[in-house]
Amino acid sequence: DPARVSKRQNLIAGVTSYYQPESPGYYGSTFNATVFGLLALADVKTTGGVQRVPQIVLDQAVEAVKANQHTDGGWTWEKAAGNKAALEKASEPDMTGAAMAALCTAGVANTNESIANAKKYLVSKFVKSSGAFESAFGVNTDTVDWAVQGLKACGIDPQAAEFTGSAPGNKTPLNFLI
């Protein structure tokens with residue numbers, strides 16, 4: 001039980017200690033802290049399987065994440081909500097995957113517009129020759145892993161037709177990771 005790791009350690013309290021009351025739904029000093037905070041809190045259950053974090057708390061973070069979705073459909077680590085120039089900057093496949101995982105784990109359906117736009121973004125960054133995703137850091141396993149985690153959390157097959165390469169062997173993101 002993450003609330004009772006030991007007599008002195010409550011992991012849920014540790015995450016919620018970063019909550020930003022002046023900015024409802026945000027955790028920490030960077031936007032990615034909000035994404036990872038939501039991801040951590042969204043699937044926390046008691047040993048009996050009961051959701052630990054009230055849905056209203058998750059919903060505030062969901063709205064914060066959605067408000068930071070860039071115009072290309074993805075996300076970056078920086079807060080962009082309310083800043084037109086920031087929202088128009090290029091997204092990152094790894095943070096897009098993390099944001100997708102956080103949203104879907106918190107109960108957002110994969111048919112939601114935010115998830116559909118994020119999937120389109122990832123499709124646009126898919127490199128058919130390798131099975132990876134384009135990244136400012138070059139082709140790398142971390143980026144592919146986060147993208148796959150986001151797709152899987154949302155019930156989207158990372159081996160579906162749009163994520164199948166044209167090179168010999170028709171590489172998918174999972175082939176790249178292997």
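With sequence neighbours left out, K120 forms a side-chain hydrogen bond (donor to acceptor under 3.5 Å, both in side chains) with no residue at all. Qualifying side-chain hydrogen bond (donor to acceptor under 3.5 Å, both in side chains) partners for D72, counting only residues two or more places apart in sequence or in other chains: S91. Residues that satisfy the side-chain hydrogen bond (donor to acceptor under 3.5 Å, both in side chains) test with E134, not counting sequence neighbours, are absent from this structure. Residues satisfying the side-chain hydrogen bond (donor to acceptor under 3.5 Å, both in side chains) test with N140, not counting sequence neighbours, are T143.
Between the side chain of D43 and the backbone N or O of L39, no donor-acceptor pair lies under 3.5 Å. Of the possible donor and acceptor atoms, one in the side chain of Q55 sits under 3.5 Å from a partner among the backbone N and O of A106. At least one donor-acceptor pair closer than 3.5 Å links the side chain of T16 to the backbone N or O of A13. With hydrogens and angles ignored, the 3.5 Å screen pairs no side-chain donor or acceptor of N112 with any backbone N or O of A109. With hydrogens and angles disregarded, a donor-acceptor distance shorter than 3.5 Å links the side chain of Q51 to the backbone of V53. Panel note: side chain W75, backbone V65; a donor-acceptor pair is recorded below 3.5 Å.
There is no side-chain donor-acceptor pair under 3.5 Å between Q69 and Y121. Using modelled atom types and a 3.5 Å distance limit, the side chains of S114 and N117 yield no donor-acceptor pair.
No side-chain heavy atom of V148 sits less than 4.5 Å from a side-chain heavy atom of F163. Considering only heavy atoms from C-beta on, K119 stays 4.5 Å or farther from I115 through its side chain. F176 has its side chain within reach of T141: a pair of non-hydrogen atoms, C-beta onward, lies under 4.5 Å apart.
Aromatic ring orientation, Y27 versus Y19: perpendicular (interplanar angle above 60°, classes split at 30° and 60°).
Listed by first and then second residue, the salt bridge (charged side-chain N to carboxylate O under 4.0 Å, His left out) pairs involving residues 85-108 are K84-E88 (not counting sequence neighbours). Pairs engaging residues 7-51 under the disulfide bond (SG atoms under 2.5 Å apart) rule: none recorded [sequence neighbours left out].
The line from OG1 of T96 to NE2 of H70 is 8.0 Å long, rounded to the nearest 0.5 Å.
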